[in-house]
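Computed over heavy atoms, backbone and side chain alike; hydrogens, waters and symmetry mates excluded. Convention: sequence-line order gives letters A, B, ...; per-chain numbering from 1.
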Protein chains: 4
Amino acid sequence: MIIQIQFESETPIYKQLRDQIVQGIAQGDLKPEESLPSVRRMGQELGINLHTVNKAYAVLKQQGFTVIHKRKGVLINSLEKMREHLDTDNLENELRPIFSEMICKGLTQKEISGFCEKLIQKIQGGQNE
Amino acid sequence: MIIQIQFESETPIYKQLRDQIVQGIAQGDLKPEESLPSVRRMGQELGINLHTVNKAYAVLKQQGFTVIHKRKGVLINSLEKMREHLDTDNLENELRPIFSEMICKGLTQKEISGFCEKLIQKIQGGQNE
Amino acid sequence: MIIQIQFESETPIYKQLRDQIVQGIAQGDLKPEESLPSVRRMGQELGINLHTVNKAYAVLKQQGFTVIHKRKGVLINSLEKMREHLDTDNLENELRPIFSEMICKGLTQKEISGFCEKLIQKIQGGQNE
Amino acid sequence: MIIQIQFESETPIYKQLRDQIVQGIAQGDLKPEESLPSVRRMGQELGINLHTVNKAYAVLKQQGFTVIHKRKGVLINSLEKMREHLDTDNLENELRPIFSEMICKGLTQKEISGFCEKLIQKIQGGQNE
DNA sequence: GTGGTCTAGACCACC
DNA sequence: GTGGTCTAGACCACA
């Protein structure tokens with residue numbers, strides 16, 4: 001699985017890393033029980049500071065995507081465990097301003113739904129293997 | 001139209017303000033040609049600095065939601081003008097990590113679609129009057 | 001000669017008014033010895049404050065485009081008088097940032113020259129009568 | 001590259017700074033990928049507040065002249081990216097009143113063209129190194 | 001150390 | 001009274 005950091009993006013690097021790992025899980029590139037590279041290696045490979053990797057990993061853990069295993073390092077969590085961390089209120093708060101913007105810009109409910117469905121399929125279809 | 005700032009929130013105040021105004025437009029609470037309170041009054045009402053309001057207004061203007069009218073102050077833009085600022089690439093980039101998270105947490109495409117549609121209706125249905 | 005004020009423009013109203021009168025002279029719509037409407041009438045016709053018209057007129061006078069005639073009001077100056085107010089240093093300072101921007105954005109000297117010539121002809125060709 | 005702020009000038013400081021940086025790019029003093037001093041250093045060197053520098057930098061970014069690189073700070077953008085921000089309508093609106101003034105003051109099309117060409121060469125010829 | 005955010009207080013141009 | 005500009009000083013997120 002390839003991770004690409006855009007240093008010129010507005011979104012902080014740790015967030016980019018976190019997002020791409022989450023997307024990797026959604027796509028099935030990263031499966032439960034699989035392990036993530038150590039903060040050191042990951043930092044080296046991406047050319048970023050290991051503190052930044054650390055922060056991304058901390059967020060992932062805190063949001064239930066990973067667990068720390070003493071010997072194996074950072075592991076992708078089981079799907080059940082992830083499910084337990086579902087927080088619809090938070091998701092709603094994140095989606096609301098985006099949908100509001102789409103409505104303002106003249107998209108109808110149908111168009112938005114279509115847009116979303118296509119995007120979801122693009123994510124799920126991005127599965128390797 | 002009521003605006004609520006959460007001072008403990010992680011999201012910057014100017015962003016909260018911007019988001020709620022955009023939502024207000026989406027809901028129809030704020031209609032094209034209507035005017036926003038002056039930076040000073042808005043700041044006073046919300047208990048925040050006028051510069052912070054200024055920044056929110058600047059973002060709204062730059063994103064095409066408002067225009068500065070020399071005599072009438074800050075006005076909600078026409079729907080056509082807003083439409084010209086539609087940037088689907090950007091919206092896709094904002095939605096992707098959220099949908100990825102939803103997929104990880106076990107929601108099916110159908111559930112996500114349903115979730116989104118309900119949310120959109122909630123926004124549009126929040127119209128006063 | 002028709003003057004159009006854009007209340008939503010960034011440029012101040014008095015500057016818009018001044019610019020359009022200067023352009024009117026350049027186009028030949030306004031000829032030496034002709035008189036401008038009184039500040040009152042001009043303000044009324046354009047729907048702007050008479051102080052704003054006053055400011056535009058003051059600038060025009062100060063830059064040599066007009067003279068105040070006791071009985072006839074504000075008159076367009078003679079071409080010779082205008083010529084005396086030619087200030088190439090100032091013009092250069094106004095043009096420099098614009099040309100710099102054009103160069104940055106990849107326009108060649110030839111393209112810029114062509115662009116300018118076309119614009120000048122457009123101004124001179126806009127003559128009525 | 002030397003930047004000179006005129007504190008008595010009518011044009012805002014942040015605009016002066018922005019203009020001179022754009023001119024620096026046009027002259028080739030500042031090349032793509034090169035970095036600008038931090039807002040703090042630049043402010044200190046020019047004897048102005050860092051927020052003022054910030055505003056200049058924000059404008060430059062918004063107009064496509066620079067990008068914020070997470071590790072390297074503020075960088076001059078690539079020429080291609082700048083080109084994408086070319087807005088001829090706007091440039092025309094900025095040039096029109098200046099050319100109108102030149103015409104009024106008796107300059108012929110040929111003289112104006114010559115004036116512009118000399119100025120452009122002066123800008124491009126101002127290259128150091 | 002960097003840019004981003006927030007506050008505060010002041011002056012000015014414009015209307 | 002409006003927004004725009006400038007200064008000053010503080011805190012924080014990010015790297």
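- Each salt bridge (charged side-chain N to carboxylate O under 4.0 Å, His left out) pair with one or both residues in residues 47-59 of chain A, not counting sequence neighbours, would appear here, but there are none.
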Give every donor-acceptor pair under 3.5 Å between a side-chain atom in residues 56-65 of chain A and any protein atom, sequence neighbours left out.
residue : atom : partner : partner atom : Å
A:Y57   : OH   : A:P37   : O            : 2.8
A:Q63   : OE1  : A:R18   : NE           : 3.0
A:Q63   : OE1  : A:R18   : NH2          : 2.9

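- Residues in residues 4-16 of chain B take part in these salt bridge (charged side-chain N to carboxylate O under 4.0 Å, His left out) pairs, two or more places apart or across chains: B:K15-B:D19.
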Report all side-chain donor-acceptor pairs from residues 41-54 of chain B shorter than 3.5 Å, counting only partners two or more places apart or in another chain.
residue : atom : partner : partner atom : Å
B:R41   : NH2  : B:E45   : OE2          : 2.7
B:N49   : OD1  : B:H51   : N            : 2.7
B:N49   : OD1  : B:H51   : ND1          : 2.9

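- Mapped onto DNA chain E by nearest heavy atom, B:T11 and C:T11 fall at different nucleotides, with B:T11 at the one closer to the 5' end.
- B:N54 has its CG atom 13 Å from the P atom of E:dT7, to the nearest Å.
- If you take CD of B:Q44 and C1' of E:dA8, they are 14 Å apart, rounded to a whole angstrom.
- In this structure, the CD atom of C:E8 is 15 Å from the P atom of F:dG3, given to the nearest Å.
- Within 4.0 Å (heavy atoms only), C:I48 reaches no atom of the nucleic acid at all.
- For A:S35, the side chain to side chain contact (heavy atoms under 4.5 Å, CB included) partners are A:L75, not counting sequence neighbours.
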Every protein N/O within reach of nucleotides 9-11 of chain F N/O, cut-off under 3.5 Å:
residue : atom : partner : partner atom : Å
F:dG9   : O6   : D:H51   : NE2          : 2.5

message: Counting Watson-Crick and G-U wobble pairs with both distances under 3.5 Å, what is the dot-bracket string for DNA chain E, 5' to 3', using [ ] for crossing pairs and | for pairs to another strand?
response: ||||||||||||||.
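- For B:S38, taking side-chain heavy atoms from C-beta onward, the closest of the listed nucleotides E:dC6, E:dC15, F:dT2 is F:dT2.
- Each salt bridge (charged side-chain N to carboxylate O under 4.0 Å, His left out) pair with one or both residues in residues 76-93 of chain D, not counting sequence neighbours, appears once here: C:K122-D:E92, D:E92-D:R96.
- Every residue meeting the salt bridge (charged side-chain N to carboxylate O under 4.0 Å, His left out) condition with D:K105, not counting sequence neighbours, appears here in chain and number order: D:E101.
- Distance D:K61 NZ to E:dG4 P: 6 Å, rounded to the nearest Å.
- Taking atom CD1 of residue D:I5 and atom P of nucleotide F:dT5, one finds them 15 Å apart after rounding to whole Å.
- Residue pairs meeting the ring pair (Phe, Tyr, Trp, His ring centres under 6.0 Å) criterion with at least one member in residues 8-42 of chain D: none, sequence neighbours excluded.
- Straight-line distance from the CG atom of D:L46 to the P atom of F:dC6: 13 Å, rounded to whole Å.
- C:Q23 contributes no side-chain N or O that, together with a main-chain N or O of D:P97, makes up a donor-acceptor pair within less than 3.5 Å.
- Evaluation of the ring-ring contact (aromatic ring centres under 6.0 Å, His included) rule for D:H69 yields A:F7 as partners, not counting sequence neighbours.
- As rounded to whole Å, 13 Å separates atom C1' of F:dT2 from atom CZ of B:R41.
- Mapping A:I13 and D:F7 onto DNA chain F by nearest heavy atom places D:F7 closer to the 5' end of the strand.
- For the pair B:L17 CG and E:dT7 P, the interatomic distance rounds to 11 Å; values are reported in whole Å.
- Residues D:G47 and B:P37 both approach DNA chain F. Their nearest nucleotides, taken by heavy-atom distance, put B:P37 toward the 5′ side.
- Residue C:Y14 has a polar side-chain atom (N or O) positioned under 4.0 Å from OP1 or OP2 of E:dC14.
- In the displayed structure, A:I68 atom CD1 is contacted under 6.0 Å by more than 12 heavy atoms of other residues, nucleotides or ligands.
- The phosphate of F:dC14 (OP1 or OP2) has no side-chain N or O of A:T52 nearer than 4.0 angstrom.
- Heavy-atom distances under 4.0 Å link DNA chain E to B:K70, B:R71 of residues 63-77 of chain B, given in residue order.
- Picking from E:dC6, E:dC14, F:dC14 the nucleotide with the shortest atom distance to the side chain of A:K55 gives F:dC14.
- Listed for the C:Q20 side chain is no donor-acceptor partner under 3.5 Å among the backbone atoms of C:L17.
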